[in-house]
Each structure stands twice: as C-alpha cells, then as structure tokens.
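Below is one structure; the comments refer to it alone.
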Amino acid sequence: MVGLTAVVSASMLQIDIYTNRFFPDLPQIWVGVPILIGIFAGLLVGLINGFIVAKLHVPPFIATLGTMVGIYGVNSIYFNMEPNQSQPIGGLRDDFTIWGSGYIDFGGGYSLPYIVLIAVAVAFICWVIFNKTRLGKNMYAIGGNVQAAHVSGINVARNLIAIYAISGALYGIAGVLEAARTGGATNNYGNMYELDAIAACVVGGVSTAGGIGTVPGVMAGVLIFGVINYGLTFIGVSPYWQLIIKGLIIVAAVAFDIRKYMVKK
C-alpha cells in the first residue's frame with residue numbers, strides 16, 4: 001500500500017520538462033490533488049481489508065497478507081503502463097518534495113523537518129482517537145475480546161471497517177511522504193516495511209494478544225528501532241546481518257509479550 005500510494009501520487013507530480021513523464025499530457029495541477037488521491041487510494045484498500053475481515057470473517061493476518069500481494073500486482077500493472085514501462089518515477093516537483101525533505105528554519109541554527117512535524121501531528125491525532133473517542137475505546141475492547149465487545153453492544157463489524165479505513169489512510173500518508181522524501185517512486189517502495197512496523201510496535205509495548213498498546217509507546221518503539229537500524233548501518237554491519245538481527249528482535253519481543261500474557265492469565 002505504501003508503494004501504491006507513492007507511485008500514484010508521484011506519477012501526477014512530475015515537472016513539465018522531465019523527459020520520461022508518466023502522464024506526458026497531464027497539466028500541472030495543484031499539489032494537494034495527487035496527495036489526496038494517494039491517501040484516498042490507501043483508504044479504499046483499507047476499506048476492502050475491513051470488509052474482508054468484518055464481513056467475510058477472514059483472519060486479519062491472512063486478509064491483509066492476501067491484499068498486500070494483490071495490491072503489489074495492481075501497482076506493478078499501473079507502474080508498467082505506457083509510456084513508463086516500469087521505469088523509476090523521477091523529476092518530482094519542488095512543491096511536493098519539500099514535504100519530505102524540507103524543513104522550517106527557526107533561526108540560530110535551529111530547524112525542524114516538515115516530515116517530523118507531520119509525524120507528530122498524526123501521532124497526536126491518533127492519540128486523541130485512541131483515548132478521547134468512542135471509536136478508540138471500542139478499538140481496545142475489540143482487540144481485548146471480540147466476543148465480549150459484541151455482547152456489550154459494540155457494532156464490531158462497523159468499527160473494524162472504520163479501523164482498517166483509518167489505517168489505510170495512514171499508509172497513504174506514509175507512501176506520499178516516502179515519495180516526497182526520496183524524490184521518486186517505484187512499485188517496490190514499502191517492501192518489507194511490515195516487519196519494521198511489527199518490530200517497532202511490539203518493542204513499543206503493543207501486545208500481540210490484543211487490547212494493549214499506546215501511541216506514545218509505539219512512537220518510542222519506532223525511535224528505538226530507528227536508532228538500532230541506523231546504529232547498525234553506522235558501525236558497518238552487513239545488511240544481511242541486519243535482517244537476522246531484526247528477525248531475532250521480533251521473535252524475542254513477541255515471546256516476551258506472550259510470556260507476560262500467559263503469566264497474567
């Protein structure tokens with residue numbers, strides 16, 4: 001989904017003089033239109049995921065794994081369209097890339113990247129949803145015990161669809177920002193990001209048993225896992241060994257979480 005939204009948004013935001021434009025005859029449009037289209041594409045896939053899980057009762061892992069593979073195929077077909085033919089999308093407009101690589105200068109040598117501000121804003125909105133809304137309370141209830149949530153009067157199907165739609169929109173934001181940050185896009189964007197996401201969430205205190213986890217905890221997990229990634233790269237650890245270490249972190253964190261859950265039970 002990150003790759004899809006990155007390609008969709010980037011394909012409509014190339015400069016006029018770029019020789020290999022995805023849409024040669026597309027006029028220069030307001031930068032917000034492709035961004036919103038990319039986010040909406042993510043939201044739409046999220047709705048599909050939610051429907052599969054809530055209405056067809058497919059286990060979430062299988063449902064999202066299946067759509068992940070299918071969306072990669074859809075994105076690859078789109079990416080291979082004439083005249084692009086699977087060429088990396090480049091030549092993105094400055095008014096788009098600034099959101100991924102630009103920063104606010106506060107003077108005195110102090111600055112803050114736009115992408116950090118966006119991340120903080122999104123995290124704050126998520127915190128409000130989780131802690132100050134009925135949907136947030138329902139999320140914890142459904143994650144903790146879906147049967148208990150159902151008999152308590154919660155419309156589980158409707159809430160699940162809303163949850164997956166929100167997550168899809170967030171994937172859309174991530175894909176758009178990834179394209180803006182790198183100044184380009186390919187159909188392989190987002191590949192293996194799911195493992196980093198799982199690791200960061202588990203390290204940040206999200207329980208694989210469900211019903212436990214906080215937004216600040218996830219942010220801390222992302223920062224910790226980011227430091228580990230960059231630290232291993234900085235000291236020259238091979239990318240292949242980094243994959244092994246990531247896998248061990250995921251297994252160890254999940255094993256520790258399951259052990260805590262069994263002790264409480």
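We number each residue from 1, following the sequence as shown.
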Identify the heavy atoms of S111 and Y103 that sit nearest to each other, and give their distance. CB-CD1, 3.4 Å
Is the closest side-chain heavy-atom distance between I118 and V122 below 4.5 Å? yes
Can you give me the closest heavy-atom contact between P34 and I29, atom names plus distance? CG-CD1, 3.7 Å
Side-chain donor or acceptor of Q14 paired with backbone N/O of G90 under 3.5 Å: yes
CZ (F124) with more than 12 external heavy atoms under 6.0 Å: no
Could you go through F225 and N229, starting from their C-alpha distance and side-chain angles, then the distance that decides it, and tell me whether this counts as side chain to side chain contact (heavy atoms under 4.5 Å, CB included)? CA-CA 6 Å; F225 206 70; N229 276 337; 3.7 Å; yes
L170 side, atom CG; L43 side, atom CG - distance, nearest 0.5 Å: 9.5 Å
Apply ring-ring contact (aromatic ring centres under 6.0 Å, His included) to residues Y164 and F51 and explain how you reach the verdict. CA-CA 9 Å; Y164 278 96; F51 179 83; over 10 Å; no
Counting only heavy atoms not in D95, do more than 12 sit closer than 6.0 Å to its CG atom? yes
Within this structure, what is the CG-CG distance for the pair L117 and L112, rounded to the nearest 0.5 Å? 4.0 Å
Test applied, side chain to side chain contact (heavy atoms under 4.5 Å, CB included); reference residue, I250; option that passes from I245, L195, V203, D196: L195
CD1 on I249 to CD1 on I244, rounded to 0.5 Å: 12.0 Å
What is the minimum heavy-atom distance between A148 and S152, and which atoms define it? O-OG, 2.7 Å
Exceeds 12 heavy-atom contacts within 6.0 angstrom, atom CD1 of I17: no
For V2 and A174 the tightest heavy-atom approach is CG2-CB, 4.4 Å
Taking it one step at a time, do T5 and I39 satisfy side chain to side chain contact (heavy atoms under 4.5 Å, CB included)? CA-CA 7 Å; T5 54; I39 296 173; over 6 Å; no
Before you tell me yes or no, could you show the steps for F22 and Y78 under ring-ring contact (aromatic ring centres under 6.0 Å, His included), namely the whole-Å CA-CA distance, both residues' side-chain angles and the distance that decides it to 0.1 Å? CA-CA 10 Å; F22 198 97; Y78 179 80; 5.0 Å; yes
Just do the side chain to side chain contact (heavy atoms under 4.5 Å, CB included) check on V146 and L160 with the steps written out, would you? CA-CA 10 Å; V146 65; L160 281 174; 5.6 Å; no
Is there a path from Y189 to I71 through hydrophobic residues (I, L, V, M, F, W, Y) whose side chains come within less than 4.5 Å of each other? no
Give a yes or no on whether V206 and L223 share a hydrophobic cluster (residues Ile, Leu, Val, Met, Phe, Trp, Tyr; joining criterion: side-chain heavy atoms under 4.5 Å apart). no
Report whether I62 and V69 are members of the same hydrophobic cluster (ILVMFWY, side-chain heavy atoms less than 4.5 Å apart, transitive linking). no
Distance-only polar pair, side chains of S86 and N80, donor-acceptor under 3.5 Å: yes
Between L92 and G184, the two heavy atoms sitting closest are CD1-N, 3.5 Å
CG/L177 to OG1/T182 distance, rounded to the nearest 0.5 angstrom? 10.5 Å
Please check if the number of heavy atoms outside F106 that lie under 6.0 Å from its CZ is greater than 12. yes
Please tell me whether I125 and F130 are part of a single hydrophobic cluster in this structure, the criterion being side-chain heavy atoms less than 4.5 Å apart. yes
What's the separation between atom CG in L243 and atom OG in S238, rounded to the nearest 0.5 Å? 8.5 Å
Same apolar cluster: F61 and I52, side chain cutoff 4.5 Å: yes
Applying side chain to side chain contact (heavy atoms under 4.5 Å, CB included) to I37 and V33, what does each step give before you reach the verdict? CA-CA 6 Å; I37 290 175; V33 173; 3.9 Å; yes
Determine whether a donor-acceptor pair (N or O, by modelled atom type, separation under 3.5 Å) exists between the side chain of N159 and the backbone of N155. yes
Parallel, tilted or perpendicular: which fits the ring planes of Y114 and W99, with parallel below 30° and perpendicular above 60°? tilted
State, yes or no, whether a side-chain contact exists between I163 and S167 at a heavy-atom distance under 4.5 Å. no
Give a yes or no on whether the backbone of N188 and the side-chain of T186 come within a donor-acceptor separation of less than 3.5 Å. yes
Roughly how far apart are I115 CD1 and E178 CD, rounded to 0.5 Å? 7.5 Å
Under 3.5 Å: donor-acceptor pair, side chain of N49, backbone of T64: no
Between the side chain of R21 and the main-chain N/O of L26, is any donor-acceptor distance below 3.5 Å? yes
Is it true that a side-chain atom of N187 and a backbone atom of F79 form a donor plus acceptor pair closer than 3.5 Å? no
Tell me, yes or no, whether the heavy-atom count around Y140 atom OH, taken from other residues, nucleotides or ligands under 6.0 Å, exceeds 12. yes
Using every non-hydrogen atom in the two residues, find where V237 and W241 come nearest and quote the distance to one decimal. CG1-CB, 3.7 Å
